[in-house]
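Worksheet for the structure shown next.
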Amino acid sequence: MSAANVELQKVERAATFLRDRLGPALATAKLGLVLGSGLKDFATNVQAATTIPFAEIPEWPVPHVEGHGGALVVGTVGGTGVACLTGRVHLYEGWEPADVVRAVRTLRRCGVPSFLLTNAAGGIADDMAPGDLMVLRDHLNLTGRSPLVGPHEAAFGPRFPDQTRVYSPRLLMLLQRTGTRVRPGVYAGLLGPSYETPAEIRMLHRLGADAVGMSTVHEAMALNAMGAEVAGLSLVTNLAAGISPVPLAHAEVVAAGNQAKPVLAALVTSFCRSLSA
Ligand code: HPA
């Protein structure tokens, strides 16, 4: 059996388990929501929620970074069916790209049509301040890795997926119409786990990046290849290295996530409502 078949089997095992456990609640979910660093508490806004820890779902990797949860929460937000991941795994923990995207691929296989990928990010653009929200209009995948490498598996999309519009213009527009101020920008996804050097941030600025983080790009690539509608949202938790006058710390990222909770909850709830309108 090829590596591609093995990965599809893992995704199918997880999908079968979730279809059995969740039935119509998952089959009718309109949005897959991935909650990034410090943002997992949004899941408390999910109504009529069924919560399944990642550890109970076959083949799903379990995150272990501070500020990251580890459960699938399925229910409704603003009347829209959602399947919410209260955390994710990262390459910098030693996981492979296929592990990083397995949960979102599973939800996509279960029929979830649209996704909102959230993350905490460092602000690079000149007008960016901590607390700002950025909707992704594009990304730079600077991890040197891709979830699409390996023997081709048609169930995961074409061999050479188009990436002209990884982030859906329709979803971007809906995010801009929620009443919460968001600015469109380009997200640079890096491997981590170290934060960047000031020279790297100057380079990213010249390359057209508005914010920088260590997640999201592989999930977006895998979902785009599978024909999903993808949106991305960055919470700027800090100014990037060298722009910030002080050294960066993960505690700062988590604290900024906590502070932004009400704004984020209002934005995502309004976005969910607009999806069923
Ligand atoms: N760099 C990379 N990842 C991040 C940052 C940053 O400054 N802030 C939050 N995640």
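In each ligand, atom 1 is the first atom listed, and ligand 1 is the first ligand listed.
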Give every pair formed by an N or O atom of ligand 1 and a protein N or O atom closer than 3.5 Å, one pair per line with both atom names and the distance to 0.1 Å, or write none.
{"residue": "ligand 1", "atom": "1 (N)", "partner": "Glu196", "partner atom": "OE1", "Å": "2.8"}
{"residue": "ligand 1", "atom": "1 (N)", "partner": "Glu196", "partner atom": "OE2", "Å": "3.3"}
{"residue": "ligand 1", "atom": "7 (O)", "partner": "Asn238", "partner atom": "ND2", "Å": "2.9"}
{"residue": "ligand 1", "atom": "8 (N)", "partner": "Gly122", "partner atom": "N", "Å": "3.3"}
{"residue": "ligand 1", "atom": "8 (N)", "partner": "Asn238", "partner atom": "OD1", "Å": "2.7"}
{"residue": "ligand 1", "atom": "10 (N)", "partner": "Ala120", "partner atom": "O", "Å": "3.3"}

**Report entry** Residues clustered with Ile243, ILVMFWY side-chain links under 4.5 angstrom
**Finding:** Ile124, Leu140, Leu142, Val186, Leu190, Ile201, Met203, Leu204, Leu207, Val212, Leu239
Query raised in the report: Would Asn238 and Ser244 count as having a side-chain donor-acceptor pair, cut-off 3.5 Å?
Result: no
Query raised in the report: Does one side chain, of Thr143 or His218, offer a donor that lies under 3.5 Å from an acceptor on the other?
Result: yes
Report summary line: Quick note, salt bridge (charged side-chain N to carboxylate O under 4.0 Å, His left out) partners involving residues 156-169, not counting sequence neighbours, are none
Query raised in the report: So is Arg108 actually on top of Phe115's ring, under 6.0 Å and inside 45° of the axis?
Result: no
Between side-chain atoms of residues 265-274 and protein atoms elsewhere (two or more places apart, or another chain), which donor-acceptor pairs fall under 3.5 Å?
{"residue": "Thr269", "atom": "OG1", "partner": "Ala265", "partner atom": "O", "Å": "2.6"}
{"residue": "Ser270", "atom": "OG", "partner": "Thr178", "partner atom": "O", "Å": "3.4"}
{"residue": "Ser274", "atom": "OG", "partner": "Phe271", "partner atom": "O", "Å": "2.7"}

